[in-house]
Participant: 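This is the structure, below, for whatever I ask next.
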Amino acid sequence: MTRDRRKWPLYEVFIRGKRGLNHVHVGSLHAADDRMALTHARDLYTRRNEGVSIWVVRSDAITASTPDEKDPFFAPSGDKVYRHPTFYDIPEDVPHI
Amino acid sequence: MTDDHVYLSLAEGSEEGEARWAFGTGFEDPLHGVDTAVPEELDSRILAAYCLALGDDALVLAQRLAEWCTRAPELEEEVALANIGLDLLGQARLLLSRAGQAEGAGRDEDALAYFRNADAFRNVRLAELPNGDFAFSIARLLVMATWRLALFERLTESKDPVLAAVAAKGVKELTYHRDYTAQWTVRLGDGTQESHRRMQRGIEEIWPYTGELFTTAPPEREATEAGIGIDPATVREDVEATLRQVADAATLTLPVIPTLTASPRTGGGRVGKHTDALAPLLTELQSVARAHPEATW
(Lines give C-alpha, C1' and ligand atoms only; values in the text may rest on other atoms or scores of the structure.)
Protein backbone atom coordinates (compact mmCIF):
# COMPACT_ATOMS: atom_id res chain seq x y z
CA MET A 1 0.00 0.00 0.00
CA THR A 2 1.42 3.36 -0.94
CA ARG A 3 0.94 6.13 1.56
CA ASP A 4 -0.51 9.44 0.44
CA ARG A 5 2.48 11.74 0.82
CA ARG A 6 0.38 14.87 0.87
CA LYS A 7 -1.21 13.85 4.15
CA TRP A 8 0.59 13.77 7.45
CA PRO A 9 0.26 10.46 9.29
CA LEU A 10 -1.81 10.11 12.43
CA TYR A 11 -0.15 9.83 15.83
CA GLU A 12 -1.56 8.80 19.19
CA VAL A 13 -0.61 10.90 22.20
CA PHE A 14 0.01 9.71 25.75
CA ILE A 15 0.56 12.13 28.62
CA ARG A 16 1.77 11.57 32.14
CA GLY A 17 0.25 14.17 34.42
CA LYS A 18 1.68 15.55 37.62
CA ARG A 19 -0.68 13.36 39.60
CA GLY A 20 -0.60 10.45 37.21
CA LEU A 21 1.50 7.33 37.64
CA ASN A 22 1.41 6.20 34.05
CA HIS A 23 1.03 7.75 30.66
CA VAL A 24 -2.59 7.78 29.54
CA HIS A 25 -4.00 8.16 26.07
CA VAL A 26 -5.40 11.65 25.56
CA GLY A 27 -6.02 11.89 21.83
CA SER A 28 -4.42 11.96 18.43
CA LEU A 29 -2.94 14.42 15.97
CA HIS A 30 -1.31 14.70 12.56
CA ALA A 31 2.41 15.32 12.09
CA ALA A 32 5.03 14.85 9.40
CA ASP A 33 7.55 13.14 11.65
CA ASP A 34 8.11 11.98 15.23
CA ARG A 35 9.73 15.19 16.39
CA MET A 36 6.89 17.29 14.99
CA ALA A 37 4.38 14.96 16.64
CA LEU A 38 6.00 15.64 20.00
CA THR A 39 5.93 19.39 19.37
CA HIS A 40 2.29 19.29 18.34
CA ALA A 41 1.39 17.16 21.34
CA ARG A 42 3.01 19.72 23.59
CA ASP A 43 1.01 22.50 21.95
CA LEU A 44 -2.31 20.66 21.73
CA TYR A 45 -2.47 18.59 24.90
CA THR A 46 -0.36 20.27 27.59
CA ARG A 47 -1.48 23.89 27.23
CA ARG A 48 -3.31 23.87 30.54
CA ASN A 49 -0.47 22.55 32.61
CA GLU A 50 -1.54 18.92 32.35
CA GLY A 51 1.64 17.08 31.62
CA VAL A 52 5.18 16.35 32.70
CA SER A 53 5.96 13.72 30.06
CA ILE A 54 4.70 12.94 26.57
CA TRP A 55 4.78 9.82 24.43
CA VAL A 56 3.76 9.81 20.78
CA VAL A 57 3.46 6.78 18.56
CA ARG A 58 2.22 6.42 15.02
CA SER A 59 -1.31 5.08 15.01
CA ASP A 60 -0.46 2.48 12.39
CA ALA A 61 2.14 1.04 14.79
CA ILE A 62 -0.58 0.09 17.24
CA THR A 63 -2.18 -3.34 17.03
CA ALA A 64 -5.65 -3.21 18.52
CA SER A 65 -8.30 -5.77 19.37
CA THR A 66 -11.43 -5.57 17.24
CA PRO A 67 -15.09 -5.50 18.31
CA ASP A 68 -15.51 -8.95 16.63
CA GLU A 69 -13.12 -10.42 19.16
CA LYS A 70 -14.96 -8.96 22.10
CA ASP A 71 -16.56 -12.16 23.31
CA PRO A 72 -13.64 -14.57 23.08
CA PHE A 73 -11.27 -11.89 24.39
CA PHE A 74 -13.12 -10.41 27.32
CA ALA A 75 -16.20 -12.42 28.23
CA PRO A 76 -14.29 -15.34 29.78
CA SER A 77 -12.86 -13.11 32.53
CA GLY A 78 -16.33 -11.90 33.48
CA ASP A 79 -17.10 -14.70 35.94
CA LYS A 80 -13.67 -15.31 37.47
CA VAL A 81 -14.33 -13.46 40.68
CA TYR A 82 -11.44 -15.26 42.38
CA ARG A 83 -9.01 -13.32 40.22
CA HIS A 84 -9.80 -10.11 42.05
CA PRO A 85 -7.83 -9.52 45.24
CA THR A 86 -11.04 -9.11 47.23
CA PHE A 87 -10.20 -11.95 49.59
CA TYR A 88 -7.32 -10.07 51.14
CA ASP A 89 -7.26 -7.25 53.64
CA ILE A 90 -5.32 -4.38 52.13
CA PRO A 91 -3.51 -2.22 54.68
CA GLU A 92 -4.56 1.46 54.74
CA ASP A 93 -1.10 2.75 53.87
CA VAL A 94 -0.62 0.75 50.67
CA PRO A 95 -1.30 3.17 47.82
CA HIS A 96 -2.33 2.70 44.19
CA ILE A 97 -4.36 -0.51 44.49
CA MET B 1 -12.26 15.68 41.02
CA THR B 2 -13.60 12.69 39.19
CA ASP B 3 -11.67 10.50 36.83
CA ASP B 4 -14.63 10.20 34.46
CA HIS B 5 -12.54 11.66 31.72
CA VAL B 6 -8.98 10.56 31.97
CA TYR B 7 -7.69 13.77 30.38
CA LEU B 8 -9.29 16.01 32.97
CA SER B 9 -7.77 14.02 35.76
CA LEU B 10 -4.33 14.86 34.42
CA ALA B 11 -4.64 18.47 35.46
CA GLU B 12 -2.88 18.97 38.73
CA GLY B 13 -5.30 19.10 41.60
CA SER B 14 -5.35 21.97 44.06
CA GLU B 15 -7.98 23.47 46.32
CA GLU B 16 -8.99 26.11 43.78
CA GLY B 17 -8.05 23.92 40.87
CA GLU B 18 -10.72 21.35 41.62
CA ALA B 19 -13.55 23.70 40.77
CA ARG B 20 -11.73 25.68 38.13
CA TRP B 21 -9.97 23.06 36.09
CA ALA B 22 -11.31 24.55 32.87
CA PHE B 23 -9.21 27.65 33.44
CA GLY B 24 -6.09 25.66 34.18
CA THR B 25 -4.61 24.66 37.48
CA GLY B 26 -1.33 24.83 39.31
CA PHE B 27 -0.22 28.03 37.63
CA GLU B 28 2.75 30.04 38.78
CA ASP B 29 2.64 33.78 39.14
CA PRO B 30 5.81 35.07 37.44
CA LEU B 31 5.92 37.98 39.87
CA HIS B 32 5.38 35.85 42.99
CA GLY B 33 7.62 37.10 45.78
CA VAL B 34 8.95 40.02 43.72
CA ASP B 35 8.80 43.53 45.18
CA THR B 36 6.90 45.41 42.47
CA ALA B 37 7.62 48.90 43.78
CA VAL B 38 9.92 50.79 41.40
CA PRO B 39 13.34 50.91 43.16
CA GLU B 40 14.14 54.44 44.24
CA GLU B 41 17.61 54.46 42.72
CA LEU B 42 16.23 53.76 39.24
CA ASP B 43 15.15 56.50 36.84
CA SER B 44 11.50 55.62 36.30
CA ARG B 45 11.30 57.52 32.98
CA ILE B 46 14.08 55.35 31.54
CA LEU B 47 12.52 52.16 32.94
CA ALA B 48 9.12 53.06 31.46
CA ALA B 49 10.54 53.77 28.00
CA TYR B 50 12.51 50.54 27.94
CA CYS B 51 9.64 48.33 29.13
CA LEU B 52 7.38 50.02 26.59
CA ALA B 53 9.73 49.13 23.73
CA LEU B 54 10.03 45.47 24.78
CA GLY B 55 6.31 45.27 25.47
CA ASP B 56 5.40 46.75 22.08
CA ASP B 57 7.63 44.21 20.28
CA ALA B 58 5.68 41.40 21.95
CA LEU B 59 2.23 42.95 21.51
CA VAL B 60 2.62 43.67 17.81
CA LEU B 61 4.17 40.30 17.00
CA ALA B 62 1.44 38.54 19.03
CA GLN B 63 -1.15 40.28 16.87
CA ARG B 64 0.55 39.11 13.68
CA LEU B 65 0.62 35.56 15.03
CA ALA B 66 -3.07 35.77 15.94
CA GLU B 67 -3.78 36.61 12.31
CA TRP B 68 -2.75 33.04 11.43
CA CYS B 69 -5.84 31.72 13.22
CA THR B 70 -8.10 30.00 10.66
CA ARG B 71 -5.41 30.53 7.99
CA ALA B 72 -2.56 28.21 9.00
CA PRO B 73 -1.63 25.34 6.67
CA GLU B 74 -2.51 22.72 9.30
CA LEU B 75 -4.78 22.75 12.34
CA GLU B 76 -1.89 21.72 14.58
CA GLU B 77 0.28 24.61 13.35
CA GLU B 78 -2.53 27.05 13.94
CA VAL B 79 -2.62 26.09 17.61
CA ALA B 80 1.17 26.20 17.81
CA LEU B 81 1.33 29.72 16.36
CA ALA B 82 -1.53 30.90 18.56
CA ASN B 83 0.23 29.48 21.64
CA ILE B 84 3.39 31.37 20.78
CA GLY B 85 1.34 34.52 20.21
CA LEU B 86 -0.27 34.10 23.63
CA ASP B 87 3.14 33.66 25.28
CA LEU B 88 4.15 36.97 23.73
CA LEU B 89 0.88 38.60 24.72
CA GLY B 90 1.57 37.53 28.30
CA GLN B 91 5.01 39.16 28.12
CA ALA B 92 3.46 42.29 26.61
CA ARG B 93 0.91 42.58 29.41
CA LEU B 94 3.56 42.37 32.13
CA LEU B 95 5.90 44.79 30.37
CA LEU B 96 3.23 47.36 29.49
CA SER B 97 1.90 47.18 33.05
CA ARG B 98 5.42 47.86 34.31
CA ALA B 99 5.84 50.70 31.83
CA GLY B 100 2.59 52.28 32.99
CA GLN B 101 3.52 51.86 36.64
CA ALA B 102 6.97 53.39 36.16
CA GLU B 103 5.55 56.24 34.09
CA GLY B 104 3.20 57.08 36.96
CA ALA B 105 0.65 58.87 34.77
CA GLY B 106 -2.17 56.47 35.56
CA ARG B 107 -1.99 54.50 32.30
CA ASP B 108 -2.45 50.75 32.69
CA GLU B 109 -1.67 47.97 30.20
CA ASP B 110 -4.98 48.51 28.39
CA ALA B 111 -4.48 52.26 28.06
CA LEU B 112 -1.05 51.66 26.56
CA ALA B 113 -2.15 48.86 24.24
CA TYR B 114 -5.43 50.31 23.00
CA PHE B 115 -5.17 54.07 23.21
CA ARG B 116 -1.89 54.95 21.57
CA ASN B 117 -1.49 55.64 17.85
CA ALA B 118 1.16 54.12 15.62
CA ASP B 119 3.69 56.92 16.08
CA ALA B 120 3.66 56.30 19.85
CA PHE B 121 4.57 52.63 19.45
CA ARG B 122 8.22 51.71 19.95
CA ASN B 123 8.37 48.16 18.54
CA VAL B 124 11.02 47.22 15.99
CA ARG B 125 9.63 47.27 12.46
CA LEU B 126 10.36 43.59 11.87
CA ALA B 127 7.51 42.76 14.29
CA GLU B 128 4.90 44.70 12.32
CA LEU B 129 5.57 43.48 8.75
CA PRO B 130 2.52 41.75 7.24
CA ASN B 131 2.61 37.96 7.62
CA GLY B 132 3.43 36.97 4.06
CA ASP B 133 3.48 33.21 3.52
CA PHE B 134 4.20 30.59 6.19
CA ALA B 135 7.94 30.62 5.39
CA PHE B 136 8.08 34.40 5.81
CA SER B 137 6.35 34.18 9.18
CA ILE B 138 8.67 31.39 10.31
CA ALA B 139 11.75 33.38 9.21
CA ARG B 140 10.56 36.46 11.08
CA LEU B 141 9.67 34.49 14.21
CA LEU B 142 13.00 32.64 14.18
CA VAL B 143 14.95 35.90 14.10
CA MET B 144 12.71 37.65 16.63
CA ALA B 145 12.77 34.70 19.06
CA THR B 146 16.55 34.23 18.84
CA TRP B 147 17.14 37.95 19.33
CA ARG B 148 14.65 38.34 22.15
CA LEU B 149 15.96 35.23 23.91
CA ALA B 150 19.49 36.65 23.85
CA LEU B 151 18.19 39.90 25.38
CA PHE B 152 16.02 38.19 28.00
CA GLU B 153 18.83 35.87 29.13
CA ARG B 154 20.85 38.96 29.97
CA LEU B 155 17.88 40.90 31.37
CA THR B 156 17.52 38.37 34.19
CA GLU B 157 20.33 40.46 35.74
CA SER B 158 18.46 43.75 35.34
CA LYS B 159 18.49 46.16 38.26
CA ASP B 160 14.72 46.27 37.99
CA PRO B 161 13.43 43.19 39.86
CA VAL B 162 10.18 43.06 37.87
CA LEU B 163 11.94 43.23 34.53
CA ALA B 164 14.34 40.52 35.72
CA ALA B 165 11.41 38.28 36.75
CA VAL B 166 9.57 38.85 33.47
CA ALA B 167 12.76 38.00 31.58
CA ALA B 168 13.26 34.80 33.60
CA LYS B 169 9.73 33.69 32.71
CA GLY B 170 10.20 34.69 29.08
CA VAL B 171 13.45 32.77 28.60
CA LYS B 172 11.65 29.43 28.82
CA GLU B 173 8.94 30.55 26.40
CA LEU B 174 11.37 32.06 23.91
CA THR B 175 13.57 28.97 23.97
CA TYR B 176 10.57 27.00 22.76
CA HIS B 177 9.70 29.62 20.11
CA ARG B 178 13.24 29.46 18.79
CA ASP B 179 13.28 25.66 18.71
CA TYR B 180 9.88 25.50 17.02
CA THR B 181 10.90 27.92 14.28
CA ALA B 182 14.36 26.38 13.89
CA GLN B 183 12.72 23.00 13.25
CA TRP B 184 10.46 24.51 10.60
CA THR B 185 13.32 26.44 9.02
CA VAL B 186 15.32 23.24 8.62
CA ARG B 187 12.28 21.26 7.48
CA LEU B 188 11.43 23.79 4.76
CA GLY B 189 14.98 24.81 3.84
CA ASP B 190 16.20 21.23 3.54
CA GLY B 191 12.88 19.99 2.14
CA THR B 192 11.65 20.16 -1.42
CA GLN B 193 12.90 22.54 -4.11
CA GLU B 194 9.79 24.66 -3.67
CA SER B 195 9.95 24.76 0.14
CA HIS B 196 13.66 25.68 -0.06
CA ARG B 197 12.91 28.50 -2.50
CA ARG B 198 10.13 29.90 -0.32
CA MET B 199 12.17 29.66 2.92
CA GLN B 200 15.14 31.39 1.28
CA ARG B 201 12.81 34.09 -0.05
CA GLY B 202 11.32 34.55 3.44
CA ILE B 203 14.80 35.09 4.88
CA GLU B 204 15.66 37.61 2.17
CA GLU B 205 12.41 39.52 2.61
CA ILE B 206 12.85 40.05 6.33
CA TRP B 207 16.59 40.66 6.18
CA PRO B 208 16.59 44.43 5.51
CA TYR B 209 14.82 44.84 8.87
CA THR B 210 17.31 42.84 10.96
CA GLY B 211 19.82 45.67 11.21
CA GLU B 212 17.44 47.58 13.42
CA LEU B 213 17.49 44.78 16.01
CA PHE B 214 21.14 45.45 16.78
CA THR B 215 21.08 49.23 16.63
CA THR B 216 21.21 51.04 19.94
CA ALA B 217 18.30 53.50 20.02
CA PRO B 218 17.95 56.17 22.75
CA PRO B 219 15.66 54.12 25.08
CA GLU B 220 18.12 51.24 24.99
CA ARG B 221 21.21 53.39 25.42
CA GLU B 222 19.77 55.08 28.50
CA ALA B 223 18.49 51.82 29.97
CA THR B 224 21.86 50.15 29.45
CA GLU B 225 23.69 52.99 31.18
CA ALA B 226 21.23 52.75 34.09
CA GLY B 227 21.76 48.99 34.47
CA ILE B 228 18.11 48.37 33.58
CA GLY B 229 18.42 47.21 29.99
CA ILE B 230 20.74 45.56 27.50
CA ASP B 231 22.51 47.22 24.59
CA PRO B 232 21.19 45.19 21.64
CA ALA B 233 24.48 45.68 19.77
CA THR B 234 26.12 43.36 22.31
CA VAL B 235 23.94 40.37 21.41
CA ARG B 236 24.55 40.59 17.67
CA GLU B 237 27.40 38.09 17.59
CA ASP B 238 25.51 35.45 19.60
CA VAL B 239 22.31 35.85 17.62
CA GLU B 240 24.09 35.74 14.29
CA ALA B 241 25.99 32.58 15.30
CA THR B 242 22.75 30.82 16.23
CA LEU B 243 21.03 31.90 13.02
CA ARG B 244 23.99 30.70 10.93
CA GLN B 245 23.87 27.33 12.66
CA VAL B 246 20.19 26.95 11.77
CA ALA B 247 20.74 28.23 8.23
CA ASP B 248 23.60 25.78 7.66
CA ALA B 249 21.45 22.85 8.76
CA ALA B 250 18.65 24.16 6.52
CA THR B 251 20.98 24.65 3.50
CA LEU B 252 19.98 28.32 3.41
CA THR B 253 22.13 31.36 2.73
CA LEU B 254 22.03 34.23 5.21
CA PRO B 255 22.78 37.68 3.84
CA VAL B 256 24.97 40.04 5.88
CA ILE B 257 23.01 41.82 8.63
CA PRO B 258 22.76 45.45 7.50
CA THR B 259 23.74 48.30 9.77
CA LEU B 260 20.95 50.79 10.15
CA THR B 261 22.93 53.80 9.01
CA ALA B 262 23.69 52.00 5.76
CA SER B 263 20.07 51.06 5.09
CA PRO B 264 17.94 53.36 2.94
CA ARG B 265 15.63 54.42 5.76
CA THR B 266 17.28 55.79 8.86
CA GLY B 267 15.72 55.62 12.26
CA GLY B 268 13.34 52.83 13.12
CA GLY B 269 10.52 51.60 15.27
CA ARG B 270 12.36 52.41 18.50
CA VAL B 271 12.08 56.12 17.67
CA GLY B 272 8.50 55.82 16.39
CA LYS B 273 9.28 55.55 12.67
CA HIS B 274 7.19 52.68 11.37
CA THR B 275 6.21 51.08 8.11
CA ASP B 276 2.75 51.68 6.68
CA ALA B 277 1.76 48.23 7.97
CA LEU B 278 1.54 49.20 11.65
CA ALA B 279 -1.44 51.58 11.58
CA PRO B 280 -3.90 49.06 10.02
CA LEU B 281 -2.70 46.38 12.45
CA LEU B 282 -3.42 48.70 15.38
CA THR B 283 -6.80 49.70 13.97
CA GLU B 284 -7.88 46.09 14.16
CA LEU B 285 -6.19 45.42 17.51
CA GLN B 286 -7.74 48.50 19.10
CA SER B 287 -11.16 48.57 17.42
CA VAL B 288 -13.19 46.89 20.16
CA ALA B 289 -11.58 48.79 23.02
CA ARG B 290 -12.06 52.10 21.22
CA ALA B 291 -15.66 51.35 20.26
CA HIS B 292 -16.49 50.46 23.87
CA PRO B 293 -14.03 52.41 26.01
CA GLU B 294 -15.87 51.68 29.27
CA ALA B 295 -16.16 47.95 28.67
CA THR B 296 -14.57 45.47 31.04
CA TRP B 297 -13.47 41.91 30.32
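The basis for the numbers below is simple: all heavy atoms, side chains too, and nothing from hydrogens, waters or symmetry mates. Letters go in sequence order (proteins before strands), and every chain restarts at 1.
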Participant: Hey, are D34(A) and Y11(A) close enough side-chain-wise for a donor-acceptor pair under 3.5 Å?
Facilitator: yes
Participant: Of the backbone (N, CA, C, O) and the side chain (C-beta and beyond), which part of Q183(B) lies under 4.5 Å from a heavy atom of chain A, both, or neither?
Facilitator: side chain
Participant: Does any part of the side chain of S53(A), heavy atoms only, come nearer than 4.5 Å to the side chain of H23(A), both counted from C-beta?
Facilitator: yes
Participant: Under a 4.5 Å heavy-atom cut-off, does chain B meet the side chain of H30(A), its backbone, both or neither?
Facilitator: both
Participant: Check L141(B), I206(B), I203(B), N131(B) against F136(B) for a side chain to side chain contact (heavy atoms under 4.5 Å, CB included) and give me the one that passes.
Facilitator: I206(B)
Participant: Find out whether L88(B) and H177(B) are in side-chain contact, i.e. whether some heavy atom of one side chain is under 4.5 Å from a heavy atom of the other.
Facilitator: yes
Participant: Is chain A contacted by the side chain of L86(B), its backbone, both, or neither, given a heavy-atom distance below 4.5 Å?
Facilitator: side chain
